[in-house]
Amino acid sequence: MKHDLKILPSEITSETNYHNRRQFIRNAGLAIGGSAVAAALPLSSSASTRELETVPGPYSTGEEPNSWEDVTTYNNFYEFGTGKEDPYRNSGDFVTRPWSVKVSGECGKPGDYDYEDIVAPHTLEDRVYRHRCVEAWSMVVPWVGFPLADLLRRFEPNSDAKFVRFKTLHDPKRMPGQKRPVLRWPYVEGLTIAEAMHPLTLMVVGVYGKELPNQNGAPLRLIVPWKYGFKGIKSIVKIEFTRRQPKTSWEISIPGEYGFYANVNPQVDHPRWSQASERRIGAGVFAPKQPTLMFNGYQDEVAHLYSGLDLRKNY
Ligand SMILES: Nc1nc2c(c(=O)[nH]1)N[C@H]1C(S)=C(S)[C@@H](COP(=O)(O)O)O[C@H]1N2
Ligand SMILES: [Mo]
């Protein structure tokens, strides 16, 4: 869809712009749910990211998205610091072009792919997803991306490709948080091939109709909405098809607390806190916590992936 809005993007916040687009989408009979009149927010440093050409995608929740400000100033991205506002404050100078992704392992088309090679063949979709952090807070985020499956198929995974391993950039000069050993760098994550090929799993390039701000994982990050947020690895530079289950960063650092699967399961407490409920960011300090849903509300779509798996042991 072309964004031929009458208002200049420089005159409005991207959030307002996004809501205008949603209004436009609704008027066109392609509602993706929810409605709101956005309050005028000050432009943040990242509001200048480029507008993307998108179409409404499937699976959007009808819940109201969090504000642009919530989504871009309350983040986890330890490469830029461990405080929630650190990624927003410290990632402004991070340059994400040129960017290339190394594809390797059990596939027919390994190689180095430029960001443009990765993204250009795909139609970018708006998808509003619930986003649930293992720290028991949540948001609703209007991502822009395309199904990871469509990308992975282009690399022709073979029958030995049972898992997919992802790696974040390791460059302490550009990612100052990597100068401290808070995690073993680089950040790594993994999915089973079935999880990676599931149509909910998104390769994300934007948010609120715009290119991803650095603090959200520019230029490419994963979103797996039925799993805790840490599965959504940011600033990806490597994709590897493997035979064996890969180790993930949180498993390596704190094996007693984090497993490979990391499915949102309100019945399995974290060793140090309950996972039964969550605090919705932006709802206000006095707002009651809301119950956490099995698979973060995506049970109908994904429960079949885990039939026969003990979800208490495989956390
Ligand atoms: N490379 C990298 N990816 C990462 C993280 C990180 O520290 N480094 N944090 C994870 C965690 S714990 C969460 S909750 C999400 C947060 O994504 P958001 O800041 O866009 O909401 O990113 C995940 N991806
Ligand atoms: Mo998280």
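Note: hydrogens, waters and symmetry copies are ignored here, and every other heavy atom, side chains too, is used.
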Peer 1: Indicate whether the side chain of Y187 and that of W250 have a donor and an acceptor atom separated by less than 3.5 Å.
Peer 2: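 There is such a pair (donor and acceptor under 3.5 Å, judged by atom type) between the side chains of Y187 and W250.
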Peer 1: Go through the side-chain N and O atoms of H270 and Y258 and say whether any donor and acceptor fall under 3.5 Å apart.
Peer 2: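 Yes, Y258 and H270 have a side-chain donor paired with an acceptor closer than 3.5 Å.
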Peer 1: Can you see whether Y298 has R130 sitting over its ring - NZ or CZ less than 6.0 Å from the centre and within 45° of the normal?
Peer 2: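 Flagged: R130 positioned over aromatic ring of Y298.
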Peer 1: Less than 4.0 angstrom from a charged side-chain N to a carboxylate O is my criterion; do R272 and E135 meet it?
Peer 2: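 No, this pair does not count.
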Peer 1: If we only count heavy atoms from C-beta on, is the N265 to M294 side-chain gap below 4.5 Å?
Peer 2: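 In short, these two side chains touch, coming nearer than 4.5 Å.
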Peer 1: Measuring centre to centre across the rings, with the benzene-like ring taken for any Trp, is Y208 within less than 6.0 Å of W143?
Peer 2: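 No, too far apart.
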Peer 1: Scan side-chain atoms only and decide if E278 and T292 contain a donor-acceptor pair under the 3.5 Å cut-off.
Peer 2: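 Note: E278 and T292 side chains meet the donor-acceptor criterion.
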Peer 1: Side chains of S100 and D112 only: does a donor on one sit below 3.5 Å from an acceptor on the other?
Peer 2: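 Looking only at side-chain atoms, D112 and S100 do not form any donor-acceptor pair under 3.5 Å.
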Peer 1: Taking the inter-plane angle between the rings of H198 and Y59 on a 0 to 90° scale, is it parallel (under 30°), tilted (30 to 60°) or perpendicular (over 60°)?
Peer 2: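 It falls in the tilted class, 30° to 60°.
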Peer 1: Is it true that K234 and N216 share a donor-acceptor pair across their side chains at a distance under 3.5 Å?
Peer 2: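 There is no such pair (donor and acceptor under 3.5 Å, judged by atom type) between the side chains of N216 and K234.
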Peer 1: Strictly by modelled atom types, are Y306 and E195 linked by a side-chain donor-acceptor pair under 3.5 Å?
Peer 2: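 The criterion, which ignores hydrogens and geometry beyond distance, is satisfied for E195 and Y306.
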Peer 1: Without hydrogens or angle criteria, can the side chains of Q245 and R165 be said to hold a donor-acceptor pair below 3.5 Å?
Peer 2: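 Side chains of Q245 and R165: no pair found under 3.5 Å.
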